[in-house]
Each structure stands twice: as structure tokens, then as C-alpha cells.
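Here's the structure, in C-alpha cells; my notes come after.
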Amino acid sequence: MVQDFFLLMRSELMLILIIFGLLFLKLGNARLKNETVMNMVNAVLIATLAMGFLVKDTGMIFGNMFHTTDLIRLEKNILTLGTLIISLQSYQWLKAHKHAMEFYLLLISTLLGMFFMLSSANLLMFYLGLELSTIPLAAMVNFDLHKKQSSEAAFKMIVSSAFSSALLLFGISWMYGIVGSVSYSAIAAAVTGSPLEIFAFVMILAGFGFKISAVPFHLWTADVYEGAPIPVTSYLSVISKGAILFVFITVLYSVFRSMGDTWYYMLYILSVATMLIGNLFAMRQQNMKRFLAFSSIAQVGFILLGISGQSVASSTSLIFFVLIYIFSNLAAFGVVSLVSSAYDKEKVDDYKGFYQTNPLLAWTLAIALFSLAGIPPTAGFFGKFFLILAGAAKGNWLLITIAALNMIISLYYYQRVVKAMFMDHNAAPLEKINTPLSPKIALIICIAGILITGLYSGAYEYIYQLVS
Amino acid sequence: MGAGSLIALAIAAVAFSSIALLVAKLVTKATKNKQKGEAYECGVPSKGPNWIQFNVGYYLFALVFLIFDVELVFLFPWAVVVKSVGWIALVEIVVFFFILFLGLLYAHKKGALKWK
Amino acid sequence: MFSLEDITQSVHNWLYETMNPTLALMVEFAIIGVLVIALFAFLGLVLVMMERKVSSWMQLRLGPNRIGPWGWFQTVADTLKLIVKEGMTPNNVDRLLFNLAPILVIIVSMVIMAPLMFAKGFQIWDINIGVLFVSAVSSLSVIGILMAGWASNNKYSLLGAMRSGAQIVSYELSAGLSMLTIVVLTGSLKVSDIIQAQETGWWLFKGHIPAIIAFVIFIIAATAETNRAPFDMAEAESELTAGFHTEYSGMKFALFFLAEYVNIFVVCAIGATLFLGGWMPFHVGNWEQFNHIMDYIPTPIWFFGKTFFLIFVIMWFRWTFPRLRIDQLLNLEWKYLLPISIVNILLVTVIALAGWHF
Amino acid sequence: MNLNWLIVLPVVSALAILPFSQLKQVRSIAAIGATLQLLLSCVLLYVFMQDPASGMSGSLAFESSYAWYKPLHIYHSVGVDGISIAMIMLTAIVVLAGVLISWNMEKMSREFFFLLMLLSAGAYGYFISTDVFTMFFFLELAVVPKFLLIGIWGSGKKEYSATKLVLMLMGASALVFIGLSGLYFNNASGNLSFNMSELAANPLSVEQQKFFFPFAFIGFGVFTALFPFHTWVPDGHSSAPTAASMFLAGISMKLGGYGILRVATTIMPEAAHYYSPYIIVLSAIAILYGSFATMMQTDLKYINAYSSVSHTGFVLFGIGMLTKTAIAGAVIQMVSHGLMTALFFAVIGMVYERTHTRMVDKMGGLLKSIPFISTVFMIAGLTSLGLPGFSGFVAEMMVFIGSWENGGTLHRVATIAATASIVVTAVYILRAIGKVIMGPVEHEAYFEFKDARWNEKSAAIILVAAILVIGITPFLINHLITPGTEAIMNKLVANP
Amino acid sequence: MVPVSHILLLSTALFFIGMYGLFTRRNMIALLMSIELMLNSININFVAFNKYLWPGQLDGIFFTIFIITIAAAEAAIAIAIVINLYRSHLSIDVNDAAELKH
């Protein structure tokens, strides 16, 4: 029992260790440099990552509320990796920040929440994890305390997340009324697809829709992404979204499996709307963060398309895509973050002639954007291709055509940034940016990930083997 | 008696207070006076908006209170069953309080509990 | 042993025999309402008088002594005066909230009576979460106070209300925690169970040191929650005129005043129930004779006796301690009482689990 | 022989370029890489021709297969037949010529040669793939380098052209993708598969073919300037730097034709029959429209670009006719046009470098000042015109003869109309040659010009030699591609 | 005993009143209150289902307790943000918080 507890919850315990360690340091009047703190946290994160891969085990504890499988462990590792990258990238921003420790406290708390969410085998556990991962995020969005935008974004974030939680809970409460239990297995066994269940499911779906910012539940996304500090934005767009998607797929595939035909059409509509609106709005954005926000909405559309395939390949592709998406989006945000912290410039036009002064960063951003657009040989190509292929298994060719056309629209706005960097003339391009070591490492990890994950199929096959 | 008694009590309270107010209204004689409607500030004419911005410290306390009050939500069910559950309940509540206590310490450290 | 249980039971039976259930229930409710209102009136008169008398004794003076024997009818006269005074509403107030606030306060203090056990078998509703109910409903009164302060459109009122709000919510924590120590010992939230568990001795004595600590904390918190001196920051007359009810006059003021005294009674009644055994007579070990004599004293007298003793203690405080500054007040709660309560509840858990209490 | 060397070699040379930044180092590495590619292709050709067992039997040679994404049944499988080898040779020649032409690319030379090598890797990979997924991968791989090459090193309205090109080509790949996934899910074997021979052996039902054929055909067709989607060609070609133009027109446009042959017609033969009239009409329009549009142009690059629309129209035209000779003609036209247009763009680049203009009106009498370049210019023009002895003649001749074999009324009418375009071609080619090469010398400064340097000369010589080889000994290439075309024909005949 | 349908009607009405408030009110505190309304309607749902339909398990009650706690935490953070916002905007009207518009 105790052994199980330590073995199954080792990732969570590591994070708790970080949280308490930081708290004690803070309480114990430790006068540490921010860099020291960051290095310590990074080291522990690396240890967590390594531990996640070490022992394979599955099991349930806490009265079947918390379960771990190799797949869940892998999902956790993916999120840890992403968090590590973000932590490395936030160096520039946190270096002189007054509240670096608090930032890490909140960051790790949200990650812990996600871990619990992933491991939940029960809607109560899921809800707790979800809230643990969103409430500190709102505080993180407000982390630039003196900036108006930051507070505004935080307020939008917390109101919309609370609203979506309310929707989700309303659905869950009805589900509980129908089934009499909130455990996944009991619900899965009892669901038949009656109208009341569909009502409850729609509510749950709407809640999820908010969290993953699918159209028409996306209205908060762009504002929050723009207002938040960049590391937080990247965290929001990648890690938190990825975690919710992982759970979403579990909920859809194992809890509401028997309602598959019903939710296929819902996902169909959501997916089309999300792709179209996300893309169309992304085209007219001038601010890099907003632009990436809308592009991430569009990405969700593709993900929903992949999920609608309802097969092993769908889950695999989703997890694979999230992994790739972490690399690609974080590479993009990494560069944006460097530029923003050096010159406080976030407009697309500011990137004109960027290549002349910062060739390496320009290439990094370009590769990241190409990966987001899904162009070979970057991993994004594989990720997107497999997602659409998974969706195509249903034989809905209209949907696939819409998706394919949306890829072109998305390519248009991604290449717009590349064009600004490489082709447009600018009399006074941004000066050379000095990249400190840790963001450099983060970018190298990202680029390596982008280039390797796709061409080398090991990751996909590993995930596939775990899923099936 | 059941939950109905609460409603009965509430109705009694409303009846009591409204009758009292009504009686008072009936037996008193209202007089008009220009100064009477002014806010009472010890005879000095009131200056500026009265819905003033008050010390932010109140908010801080309200926030800290909110968290600690909610902790009581968990403590009540716990307190009822603690004897039947046994020592593990103590362990769990120690963990719970430990975390809360750290929160309190943190608030103290940050000066949230200092009246400014 | 004299008991009110028989009376209530026979009234209940008679009602249900003579009329249909709905009507009977209604009549019962009416009786309850009348009784509670009567209690209110009684408490209002007695407590105000008591306050004045206690104050005067403490200050070596006579206190009210003109109306009636030893001035006993002074409060009646005061009440009459309040009735005939004009209850005015100032010009710039939020009328709805302003008039609602006193009623709300009265509702709260009346509803909170429900789980109180005035005597053996004499209780309005033996709600199974009695203690939780009390602490939940009592925190509603702060809404009335804030409402009054906000609606008054007066700087003093607002400041007083804010102070009183901060103070009440702060001390609620340690009050709740000290109440919980008894719940841990008893294992039930039901008032009747708690009293029953004290048949062999009051928790104050049975519960060892933690119960005593909890009792002390409870009394302090109760004093603070009712805005009594030395915690009367909210209506510190020398700086804030009259705090949140500065703008109230006539009957509306009287309602606030009444609610305040009723609240004192309620918290003391809770204290008496939890720590001093409610209506349980005072028993000492195996002194059978003594215990027997004690049993002859009617249970309502025990209950009211204990309650009024606690009320007296609280009134005593008023003339013993100087008023605290707001920072001292909050410091006391957050830096001393709350940590002590938390440690105390752990201590009491250990005692309860190890069976070290009697 | 392991065909993967054809992918590895350019990738390695591309990576080898990265550490260096000096033009001299970079260009020599690129040149060595391109030369090795050409040598490797020649070796491949030699081995293929020598190997009677696999070489000339019509089945694929040098096949090998690696499991790539095993759960999805995606394999990296390669194999070649004559058609592929012809395309590989074309690629190798054009790449070498392109590298030589860009010998003095001062601006961001490292990136330029890197992208060029990457582009060639994409082209090789595409031509050797026998798995449609990897084929698609390489098809898209070749798009982004084009975008950057045009956008960064181009001239004129380069950003617009680059954007247009990348969007149209990616849109085309999206359509291709839908067609491919249709094949993947619906093939008769019931297994999910991307393998070409498996797909060809287990074709889709006719209804499904009819549904998916347009996706694949139009998708690939956009690469080959299919009529309403040809608009990227003039802009892209004219804005691109010389080497990129050579590559675009010489190789990139052939990707589409090759894809149509390999995927659309071989795997979906019934649908090919069904859609044949539409293909014919569209390509005939492209041929005529292209040639008439060329007549309006005065910019040399635009002349070549529009004439490319017309010439690649012949490729689709030949494929659409569905006869053996026409298909063989289409393949030869692909090779011939690749070489010819690359030569043309190269020579336009040389002229422009000297005169700093591409306007036909502003030049004249170049033969007197730069005879070598002018001669090459003339050869390119005459090949384009279809003069016997050059490759253009062989290709167009075969397409026309093959077309006549198809007896349908529509096909006949279209053939006659297409033939008429030759006259128009003659008009604009001769006019351009007459004005630019012949006639009086426009400026005194022309006599200051230096004739072609060694790199330009060698690039031109390689291309001219290849053109002449095809033009004079057409049976060689015919021999090479016949098994491949026969295999396609067998499919088409077996599934009317 | 009150039938369960009445309670569910009440809770559903509360939920949608809360939602309406969320969409129409412009005061930030009012928004938060609307959300609390929604959450409380969910609590009613859970408790009612637990008491009437599934008295055997305590899942609904547990859920309620946790929702209450988390709602409080959420409100705490939200109010902290509102205070911070008030300091910079000197208003808690949603319409005045319009820095982030495209």
C-alpha cells in the first residue's frame, strides 16, 4: 500500500517536494538569487522527468480515484518536458522579477493539478485537478502586477474558467443524477444515450470546449494570451491545453464511448467552426501573441478533427500532436519572448528584417512556424497529417476537405511572419539579441524535437503501443 | 419540528420587526427639517463622497479569511467521524493543517496580516 | 426531576388530536413564534438592565434607580421612549438596504434560536448539524451589519461596518475551531447529543487542558463576535460616534440594539451548551447525595443560570480591559488565537483518540 | 544499388554547407555535391540498363522498403523504373547547372545553396518513392525552399509571387492528400496501405475512383500548371533567381506530371478513362492560352514562363490521351522541357547579368558582343520551338502522333487545336531571337561585355548536350522509358 | 417531502439566472456573484440527487463540499484580481476594462 503510494505517485510527490521546498525557502528568509532558484527547480524537473521513465507500473490508489498507467505516465512526462522548456525560457523574464519563487510555486501547482487530472478515474478527482490547474493560472496571468492588461486578462481568464467549470459541473451533476456515481467506469457502464444523458453530455462538452478554447467558446483566449506575460501565455497555450486534451480524449473514449455517434457530430461542427474562425481571425492579427493565440485555436480545430476518428490511431495522433505542438509552439514563443523581453516589441511588423540581425533566431522561429503550419520535414507535418488521417477514417470527406483548405489558410498567415523576417526590408531592424544560456538550451531542445520527432517514428510507435 | 420551524422563525422575526416598526411609525410624528436628512458627522457638514475608498487591508483579511473559513467546511465532517476513523484521521488532518499553516505563515511573511 | 418535556409533549398530542395535521403544525409554529418573540422581549429588557446594573456595580455606583423598585422598570421606560421616537431615514441613503438591514439582523438572531436547547426536551428543532448551523447562521449577521454601514452613506458608518466585518469574520475562525474541539470529543454535531455526552461531567472539566483552552478562546471570540468591549472597535463611540448604526434612530436602532443583546445571549448559550453541559445539572463524581440534590433544580434554571453567568463574564470584561486598537485586535486573532486553536484541535484529537478524557 | 543514396547525398551536402559562410567554400561544396549526384545518377542509369532482370522488365528495380510508421502502415519504400530514372537524370543535370549558374551568388550564399540542395533532395526522394505517403512528404518538402528562394533572392514583386506560389502549391498538396487518404482507406484489399503496387493491385471501386481521381489529378495538375491553376507559374518563374527558375520550371513542374502518371492513372485507371475528355480540354486550353499569352509578353522571363505553361500543357495532353505513344511523348516532353527551360532561364540570367534588362525591346544584336551566350540562347529558343534535332521536336512529335491514335472526335479536334499552337510558338520565339540576338547592336556598351565565364559555359554545355542527346538519339530515351509506359498502358487497357 | 423535480427546477432556474447575469451584468463583482449562483445551483443538484435518488453513496455530498471550497478559492483569486484591476483602472466595470481589444 505505502509502496504503491510512493511508486504510483512519484511524479506528483516530486512536484509537491518542489512546492514545499520553495515555500520553506521563502519562509526561511533565504536570500537566494533568482537564478539559483531557477536552476534548482529545473534540476528537480529533470529528475521528475527521468523518474517518470524509470519504472513501469500501473495501478489504482485512493479508493480507485487515482490511477496510473504507462500512457498516463507518458502524458505526464510530456507535460513535464514542456514545463521544463518554459521554465528555461522564462529566464530572461524572471531573472529580475521580484516574485520568481511565487511564479514557480504557482507553475508547479498547476502542473500538479494537471497530473491529478490526468490520473483521475473519477469526475471528482478530475474536477479537483482541473481547478488546481486553472486557479493558479489566473494568478499567473496577472503576474505582471503593474500592467493593466495583465490584470484584465487575468479577470477574463478566471471568469471564463469559472463559467466553464460551472457548465462542466452542471453536466456532471446531471450525470450523477442519472448514473448515481461519478467514477469513470460506472458512468461508462451505465450510459446509454438517452436525451437527458445527451443534455448532460452537451454541458460537459461545453465546459471542455471552453477549456480547450474551441469556437464558439474561444472568446477569452486571445485577450488572455495577449495580456499575460509571455511564458504564461506559452504555458496556457501548450501545457494547460495539452493536459485538458489528454483528459478530454479519456473522457470521450472511455467514459462516453457508447455515445460515440452522438458526439461525433458535435465534434464535427465544433471542429469546422474552430478551424475556420481561428484561421480567419489569425489572419488579421498584428500582435504576435494574439496571432499565436488564434493560430492555437485553429490547431484545436485540427485536434478535434483527429479526436472525432474514435480509434487507437486518433488517441495516438492526439498525444503525438500535442508533443510536437509543445516543441513547435514553445520554439515560437521562445523567440517571441526573447524579442519581447529585449525590446518590448510584439508586433509582426517589428520582425521585419529580423533575419539580417538575428539569423539563428529567425531560422528558429521560421522552423517553428513551418512546423505549426505542417510543412515537412518538420514534425508538425507528421502531427497534422496523422491527425487528419485519423479523422479521415470516418470517411467524412467534406470535413477532410475543409481541414485541408484550412491548412492552406493557416499557411498563409504563418508565412506572413516568415516573409516579414526574411524578405521585407527594414531600415532599422531589431538589434542583435543576446540569448542567455537557458533559453538557448530550451530553443535547442525545441528545434531538435521538431526535427527529430517526425522523421524518427519511434515516438509515435511508442505512444501507439501504449495506447493500444 | 423539522425545517419548517426555520421558516416559522423567520416569519416571526419579520412579523416582530415590522410590527414594531409599524407601531413606532403610528405613534410618532414626523417633523420636517432641512438639516435632518444630512449625514451625521458630529455636526460638521459632510465633505466629499461618503462611499469612500477604505483601507485595502480589509480586503486582504477578507481573502485570508475566505480560505481559512472554507477549511472549516472540511473540519466539521472530519470532527464528527474522527473518533470512529482512528489515528489515520489525525495524520490526515495534520497534513491538512500543515499546509494551511504554511499558508498562514506565508501570509504573515508577506505582511498580509499586518495592519497598514 | 422537573421536566418541560411532558408539557411540550402533551401540548403536541392535544393539538394533533383536536385538529388536522396541517393546522396543528401551523398552530405549533405560531406558538413557537410567540414564545421566541416573548423571549426576545424578555432578553431585551433583562439584558439591558443587567448591563447597566453590572456596570454600575463595577464602578461603585447605583445605576438606574428611579423607576420601579431598584430601577427595574427603567428599561421598560426606555423601550417606550424608543417607540415614540421618530425613526427617520436620512436623505442620501440606499433606502432599500437601509431599511432591510435591521430586519435581516433580527431574522438572523431569531433563526439561530432553533437548535438551542433551553431545557431538557425543550428545543425548537434538534437539527442534526446543530453546531454547524449555529456557526453558519451567525456569520450571516455580518451581512446585515455591512448592509447597514454601506447603505447609511456615512463615513463613520462605513468604517464601523468594515471594522466590525473584519473583526467578526476573523474571530469566527477561532470560535469555530474551539467549537470543533467539543465536536471531536463528542463525535456529533447534534446539540442534544452534545449535552447528553456531558451527563457524567461537563466538557470543561472532562476535556482536560484542551477544553479549557478552547473555552477561553471561545469566550474571547464570542466577545469579539458580538462587538463587545474590549473588542468594540466597530462602534467605538469616541471615534466613530456609533459605528454602523450611526444613522439609525427610533425603532430601527432599537432592533439593532435588541439583536446585539440577543446575540450575546445566543453565543453564551452556545458556550454553556458546549462547555458547561447546557441544561445538565452539576454533578461531582460519585457524590450520589449531592448529585441528587442538584437534579432537583429544574433544567431551565441550570441552562439560564450558566448562560447568564457567561453573560456576566462578558460584561465583566467590559470594565476590566481597555479597548484594543484594530491592529492589535487582528494580531491577537491571526497571530495568537488562530495558531493556538489549530494546535489545540490537534491536541484534543490526540486526547480523544487515546481516550485520555474521562 | 541502394536508392536511398540519392536522398542521403543531397542532404549530406546541404548539411555540409551549413558550417561554412564564405561563398568560395560553400559553392565548391555545393558543386561537389551536385557533381556527385550527377555521377550517382549516371551510375544508376548504367546499372539499370545493364541489369536485364529487373532493369527492362517493366517492374520496379532496386526496390527496398523500411518500416517508417509501422502502426499506420507507412513504409519508406523506394524503387525505380525507366521513367523515374529519366526524371532523376534530369534533376541531377539541372541541379548541377543551377549550382554552376549561381557561382557568384553573393547574397546569403550559404542559405541559398543549402536550400538548393534541400530542394534537390525533395525531388530525388519524390522520384524514387513507391509509397505514396513518402512521395507526398517529398512533394511538400520541395515547396518551402522554393518559397524562400523566390522570396529572398528573387526580384520584382517577389513577396507576392512567393506567397502565391507557396499557397497554390500547398493547396495542391492538400488536394493530393485527400486523394491519397482516399486510396489509403478505400483500397480493395481492406488493409490500410500507402504502397503503390499494393494500391494498384487492389484498386478502388469505380465510384470511389471517380470521387478521388479529381482530387489527385487537380492536386498534381497544379504543379504542372493545369489550366485554371497555372497562375503561379508566370509570377513565380519571373520573380525567382535564375537557379530557382531553372529548378522550378525544370524539375518542380515535372513533379505533377510524374505524380499523375504514377498515382492518378496507374492506381485509378477507370477514372482516368472517365475523366480523359476533361483533361484533354483543360490541357488544350492551357497549350493555346499559354502560347497566345506568351505572344503578349516582352519580358524574357515572362516569355519563358508562359511558354512553360504551354509546353507543360503537352505533358497533361499526352497523359490525357491515354495511348502508349502519347504517354511516352508526355514523359519525354517532361524531360525535354525540363532541360530546355532550364537552359533558357540560365541564358536569360546570363543576359540579364550583362544588360541589366530583360525587356526584349531594349536589347538587340547580342550575337556580336557575346556570341557564346547568344548561340545558347538560340539553341534554347529553337528547342522550345520544336526544331528537329533538338529534344523538343521528339517530344512534341510523339505527343501528337500518340494523340492521333486516340480516335475520339473530341480528341481529334483537341489535337488539331494543340498542333496549331506550334505556329504561335514559332512566332514568339523567332521574334524574341530576332530582336535580341540579331539586328543592330542597341548600345555601344554591349561591346564591353564579357562572354560567358567558365561556369556559365559548362552549365550551358551540360544542358545543351543533354538536349542534343535526346534530340538526335531519341530511341535511347524511348528505350529507357518504354517498360514503364507499357506498365501504365497495361493498367489502362486492362481497366477500360 | 418536496418532490425532487421541484428542487431540480429550482436549481436549473438558478443556473440559468446565473448565466443570464453573467452575460448581462457589467460589474465585475456582479459577474462573480452570478458565477457563485451557478455553482450553488449545482450544489443543490448534487445534494438533491444524493438525497432523493442515490442515498446509498455520498458522492454527491463530497462533490458539494469540494465545490464550495473551490468556489471560495476561485472567488478569492478573482477578488484579488479585481482589486488589482481597480487600482489601475479605478473602476470595476467590465466596459472600462477594454485594453485588450483588437
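Residue numbers start from 1 in every chain, and the chains themselves are labelled A, B, ... in the order their sequence lines are given, proteins ahead of strands. For clarity, every value in this text was computed on a predicted model and none was experimentally measured.
- Put simply, of A/Thr134, A/Leu132, A/Ile172, the one with the most heavy-atom pairs under 4.5 Å next to chain E is A/Ile172.
- With a 4.5 angstrom heavy-atom cutoff, E/Ser34 does not touch chain A via any of its atoms.
- At a threshold of 4.5 Å between non-hydrogen side-chain atoms, the residues A/Lys148 and E/Leu85 do not count as touching.
- No donor-acceptor distance shorter than 3.5 angstrom exists from the side chain of E/Glu74 to the backbone of A/Ile158, with no hydrogens or angles considered.
- Here A/Glu152 contributes atom CD and E/Met28 contributes atom CE; the two are 7.0 Å apart, rounded to the nearest 0.5 Å.
- Taking CZ from A/Phe155 and CG from E/Leu31, the interatomic distance works out to 5.0 Å, rounded to the nearest 0.5 Å.
- Surrounding OH of E/Tyr20 are at most 12 heavy atoms belonging to other residues, nucleotides or ligands under 6.0 Å away.
- No other option in E/Ile77, E/Ile35, E/Asn84 has as many heavy-atom pairs under 4.5 Å with chain A as E/Asn84.
- Not a single donor-acceptor pair under 3.5 Å links the side chain of E/Trp54 to the backbone N or O of A/Ser181.
- Summarising the local packing, CZ of E/Phe62 is surrounded by 12 or fewer heavy atoms from other residues, nucleotides or ligands at distances under 6.0 Å.
- With chain E as the partner, the residue from A/Asn142, A/Ile178, A/Leu169 showing the most heavy-atom pairs under 4.5 Å is A/Leu169.
- Side-chain N/O atoms of E/Asn50 and A/Tyr176 include a donor and acceptor closer than 3.5 Å.
- Counting heavy-atom pairs under 4.5 Å between each of E/Leu53, E/Ile67, E/Leu39 and chain A puts E/Ile67 at the top.
- Between A/Ala166 and E/Met38, the shortest heavy-atom contact is CB-CE, 3.8 Å.
- No part of A/Met125 comes within reach of chain E, as not one of its non-hydrogen atoms sits under 4.5 angstrom from that chain.
- Taking the six-membered ring where tryptophan is involved, the planes of A/Tyr127 and E/Phe63 are tilted, since the angle between them lies from 30° to 60°.
- Your options are A/Ser161, A/Ser151, A/Ser183, and the one with the most heavy-atom pairs under 4.5 Å with chain E is A/Ser151.
- Other residues, nucleotides and ligands contribute only 12 or fewer heavy atoms inside 6.0 Å of the CE atom of E/Met33.
- By the side chain to side chain donor-acceptor pair (under 3.5 Å) test, A/Glu131 pairs with A/Ser165, sequence neighbours left out.
- Rounded to the nearest 0.5 Å, atoms CH2 (A/Trp174) and CD1 (E/Ile42) are 12.0 Å apart.
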Exercise. Any chance you could lay out the ring pair (Phe, Tyr, Trp, His ring centres under 6.0 Å) test for A/Phe170 and E/Phe46, step after step, and finish with the verdict?
Key: CA-CA 9 Å; A/Phe170 196 64; E/Phe46 269 117; 9.8 Å; no
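- The side-chain heavy atoms of A/Val159 and E/Leu22, taken from C-beta on, include a pair separated by under 4.5 Å.
- Heavy-atom contacts from other residues, nucleotides or ligands closer than 6.0 Å to NE2 of A/His146 number more than 12.
- Chain A forms more heavy-atom pairs under 4.5 Å with one residue of E/Leu8, E/Val4, E/Ile81, E/Asn43 than with any other, namely E/Ile81.
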